[in-house]
Amino acid sequence: MAAAMALLPLLLFFLLCAAPAPSQAGDPFAYFDWEVTYLTAQPLGVPQKVIAINGQFPGPPLNVTTNWNVVVNVHNRLDEPLLLTWNGIQHRKNSWQDGVPGTNCPIPPSWNWTYRFQVKDQVGSFFYFPSAAALLHRAAGGYGGIVVNNRDVIPIPFPFPDGGDLTLLIGDWYARGHKDLRRSLDGGTPLGAPDGVLFNGLGPFRYNDSVVPPGITYERINVEPGRTYRLRVHNVGVSTSLNFRIQGHNLLLVETEGSYTSQQNYSNMDIHVGQSYSFLVTMDQNASTDYYVVASARFVDASTVDKLTGVAVLRYSNSQGPASGPLPDAPDDQYDTAFSINQARSIRWNVTASGARPNPQGSFHYGDITVTDVYLLQSRPPELIDGKLRSTINGISYITPSTPLILAQLFNVPGVYKLDFPNHPMNRLPKVDTSIINGTYKGFMEIIFQNNATTVQSYHLDGYAFFVVGMDYGLWTENSRGTYNKWDGVARSTIQVFPGAWTAVLVFLDNAGVWNLRVENLDSWYLGQEVYISVVNPEDSSDKTVLPLPDNTIFCGALSSLQKEQSHRFQYSGASSVGKIVSLVGFFMVWLAASWL
Ligand SMILES: *[C@@H]1O[C@H](CO)[C@@H](O)[C@H](O)[C@H]1NC(C)=O
Ligand SMILES: *[C@@H]1O[C@H](CO)[C@@H](O)[C@H](O)[C@H]1NC(C)=O
Ligand SMILES: *[C@@H]1O[C@H](CO)[C@@H](O)[C@H](O)[C@H]1NC(C)=O
Ligand SMILES: *[C@@H]1O[C@H](CO)[C@@H](O)[C@H](O)[C@H]1NC(C)=O
Ligand SMILES: *[C@@H]1O[C@H](CO)[C@@H](O)[C@H](O)[C@H]1NC(C)=O
Ligand SMILES: *[C@@H]1O[C@H](CO)[C@@H](O)[C@H](O)[C@H]1NC(C)=O
Ligand SMILES: *[C@@H]1O[C@H](CO)[C@@H](O)[C@H](O)[C@H]1NC(C)=O
Ligand SMILES: *[C@@H]1O[C@H](CO)[C@@H](O)[C@H](O)[C@H]1NC(C)=O
């Protein structure tokens, strides 16, 4: 009897699944069908297996408009499980579609799975990438750009760029395959310096014969003189901060990860791993030659900088000849982060511009809201825990459970995770654990990232944009709050934390779900430098704050018996299937009773 009572919510829950998905009617749908495969490519002149989508590396762009419904049917033709995540897409009420191991079972080889999400109230430049952290797939590609355009009724805060949109995916790159890189990390050996920097999957232009070998295909950006282009630049690499610049041209910064910024010209911009920026670039130079477009490694050993310099070519349609001579200079402080931290602080929110909605971005006065929870999250260099190389946050190295957190939460699977993540660094031995943050629904959380490691790290939070309010050297203290920008700190989803320094962000936890907070530097992420924030509305168990479990959910771990073979998969579509669902629920009840008694 007691068991039957306990199963009642489950029954209700399955009946809810039969109801049509709420509130998406009226907004257009965009459909994508993606085959994910290996492809042999030689970006640095050495043939290697990369991850392609529909035969393309990088993958095709996802170009949609605010509030559109996006449907992506992903066919996994790799020899390993696969997940894709949508860096910066907020998935309101819908962490089911976030595509990280805490929210989704991976798509097994030869299966397909359809992501369905709405880009609700969003606008800007983002990217997607393969996200099963334990597989290091992003080091092999599989990424592509996401553009969320403004609706026609909401003007962008600058003249529409008459040249159009260009996406540039830049990132460091290893000539070794991702499985090889995994073996290194598993064996306790850090990855060491990458082998190059790619532009849209291509190696460097041969700007210097003694640095770049012959025969490498490079990226050429064709433009019309006099026109203005919106360049959407994303650092999709493994671990290296890159300085981006275009010879002879200004970069007018207009947007970062979904926020319109106060427009300012920069001659170069440091872009850290996982970050996205839009620049307006006007083709206002003469066409006597092509121009170099450069992405060079920051804060690395000087002897590796030549190798770690990506070079593409900007070609005016009336160009008289190739670019030649030295590359435009990088900031001359390869080991000093002062220039970079000052540049980061200069990026401000345009509080009067409209974002995805008609009201000004700044009408959300984040500086006036009372903080309810404070988390001081400290990282250290990777260290040995039980003989294994691991990375930690507050002394805890995250272990991915075989049952996704969100499924364990919904189905009450005991013992999968603990809601006891410490809100400050603990003076104790580091450990591995599945401990997550218990977020307060509609709470206002202050997170301070304190970087005690020796490299720049960037942190990304899924499901939200946070306000960047402070960044400084040394140890954060309560007094540091006096320096916070309470007015025009930019709202974004990925922020850098310099070594020996801290960065503070504020986030309004109004999006219920289970959300990944990770370091974007892939090697440290692989080694456990991540946590999840669970945000539950205690007053609402209906689908007002969280959408129902998708009907195509994949089950794994402790719930794997709920999974059917894909080829025999039950289709839950239309009202006529309610009867079948009820009988299916009957089957589950028997199964659950059998397994729990
Ligand atoms: C993206 O979509 C917008 C609006 O639908 C369109 O104007 C633009 O040309 C598209 N861009 C690309 C690169 O396809
Ligand atoms: C797999 O793809 C087929 C069409 O190719 C589609 O009908 C089916 O719903 C997809 N399966 C899932 C679980 O998304
Ligand atoms: C090419 O690179 C080498 C090594 O950095 C440098 O010594 C040389 O001056 C460069 N040549 C030119 C023409 O810039
Ligand atoms: C940025 O530089 C361009 C020239 O490349 C200039 O026309 C424009 O006025 C500058 N904009 C700002 C906001 O400084
Ligand atoms: C074109 O611009 C370059 C760099 O600004 C300059 O050195 C060159 O003299 C210019 N050429 C002409 C024909 O104006
Ligand atoms: C801010 O946005 C407004 C549009 O509301 C625009 O007119 C203005 O130029 C922008 N200011 C800056 C500094 O970017
Ligand atoms: C998590 O937080 C909620 C309030 O948001 C509280 O009711 C609950 O007891 C907390 N759970 C744990 C395990 O701390
Ligand atoms: C790490 O913390 C220790 C102890 O507080 C301090 O001595 C050291 O300078 C810090 N290193 C960095 C890079 O922050």
Side-chain angles (χ1 to χ4, degrees), residues 17 21 29 31-37 53-54 69-77 81-84 96-97 99 104-117 156-159 161-163 223 225-231 245-255 260-269 277-293 314-316 318-329 343 346-348 350 352-353 549-556 560 562-574 577:
C17 288
F29 279 76
Y31 295 92
F32 300 86
D33 202 56
W34 286 358
E35 295 265 346
V36 182
T37 60
I53 296 178
N54 292 349
N69 296 292
V70 182
V71 181
V72 192
N73 189 5
V74 176
H75 304 260
N76 179 7
R77 305 276 179 255
L82 173 73
L83 280 174
L84 292 181
W96 306 115
Q97 306 293 326
N104 296 79
C105 298
I107 309 166
S110 86
W111 283 39
N112 67 299
W113 196 69
T114 307
Y115 289 85
R116 292 190 181 85
F117 57 88
I156 49 175
F158 43 84
D162 55 358
V223 294
R227 291 207 182 154
T228 298
Y229 294 78
R230 179 172 181 173
L231 258 61
R245 55 199 185 273
I246 305 180
Q247 188 179 29
H249 292 74
N250 270 331
L251 305 171
L252 182 67
L253 175 67
V254 295
E255 180 244 342
Y260 290 116
T261 59
S262 253
Q263 294 160 30
Q264 288 185 70
N265 276 320
Y266 293 86
S267 53
N268 63 74
M269 176 64 68
Y277 287 97
S278 283
F279 306 104
L280 298 187
V281 181
T282 301
M283 302 305 149
D284 55 4
Q285 299 300 300
N286 69 49
S288 53
T289 63
D290 296 343
Y291 294 91
Y292 295 124
V293 184
L314 182 75
R315 174 166 300 170
Y316 285 36
N318 57 343
S319 173
Q320 305 296 298
S324 62
L327 299 178
D329 288 334
Q343 184 182 63
S346 74
I347 298 171
R348 299 298 173 90
N350 182 336
T352 62
L549 182 78
D551 58 11
N552 62 348
T553 298
I554 300 176
F555 294 99
C556 55
S560 49
L562 298 183
Q563 183 62 47
K564 297 278 182 285
E565 276 303 313
Q566 179 157 72
S567 50
H568 310 129
R569 274 187 58 77
F570 189 85
Q571 299 291 315
Y572 297 92
S573 54
S577 55

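First listed ligand is number 1; within each ligand, the first listed atom is number 1. We number each residue from 1, following the sequence as shown.
Among the atoms of Q263, none of the N or O lies under 3.5 angstrom from an N or O of ligand 4. Distances between N or O atoms of N286 and those of ligand 5 include at least one value under 3.5 Å. An N or O contact shorter than 3.5 Å is missing between Q264 and ligand 4 by distance. For a threshold of 3.5 Å applied to N or O pairs, the pair formed by W113 and ligand 2 contains no separation below that value.
Note that CD1 of I554 is 6.0 Å distant from CD of Q563, once rounded to the nearest 0.5 Å. Here the CZ atom belonging to R315 is positioned 10.5 Å from the OG1 atom belonging to T289, to the nearest 0.5 angstrom.
For N112, heavy-atom contacts with ligand 2 shorter than 4.0 Å involve the backbone as well as the side chain. At a heavy-atom cutoff of 4.0 Å, ligand 2 is contacted by the side chain of N73 but not by its backbone.
R116 is listed as a side-chain neighbour of N552, based on a closest heavy-atom distance under 4.5 Å. No side-chain heavy atom of Q320 sits under 4.5 Å from any side-chain heavy atom of N286.
The two residues Y316 and D284 make their nearest non-hydrogen contact at OH-N, 3.4 Å. Taking each heavy atom of P328 and R245 in turn, the nearest pair found is O-NE, 2.9 Å. Of all heavy-atom pairs between Q97 and P550, the closest is NE2-CG, 3.6 Å.
For atom 10 (C) of ligand 5, the nearest protein heavy atom lies closer than 4.0 Å. Taking a distance limit of 4.0 Å, we find that atom 7 (O) of ligand 4 is approached by no protein heavy atom. In this structure, atom 14 (O) of ligand 5 has a protein heavy-atom contact shorter than 4.0 Å.
The shortest separation from a heavy atom of G248 to ligand 5 is not under 4.0 Å, leaving the residue out of contact.
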Task: Candidate pair V70 and Y115, rule side chain to side chain contact (heavy atoms under 4.5 Å, CB included), full reasoning - done: CA-CA 8 Å; V70 182; Y115 289 85; over 6 Å; no

TODO: Decide side chain to side chain contact (heavy atoms under 4.5 Å, CB included) for D33 and H75; before the verdict, give the C-alpha distance in whole Å, the side-chain angles of both, and the deciding distance to 0.1 Å.
DONE: CA-CA 8 Å; D33 202 56; H75 304 260; 3.2 Å; yes

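In terms of protein heavy-atom proximity, atom 5 (O) of ligand 5 is closest to Q285 OE1, 4.2 Å. For atom 3 (C) of ligand 4, the closest non-hydrogen atom on the protein side is N265 ND2, 3.7 Å.
Interface of D284 with ligand 4, defined as ligand atoms under 4.0 Å from a residue heavy atom, comprises 4 (C), 5 (O). Distances below 4.0 Å separate heavy atoms of S288 from the following atoms of ligand 5: 1 (C), 11 (N).
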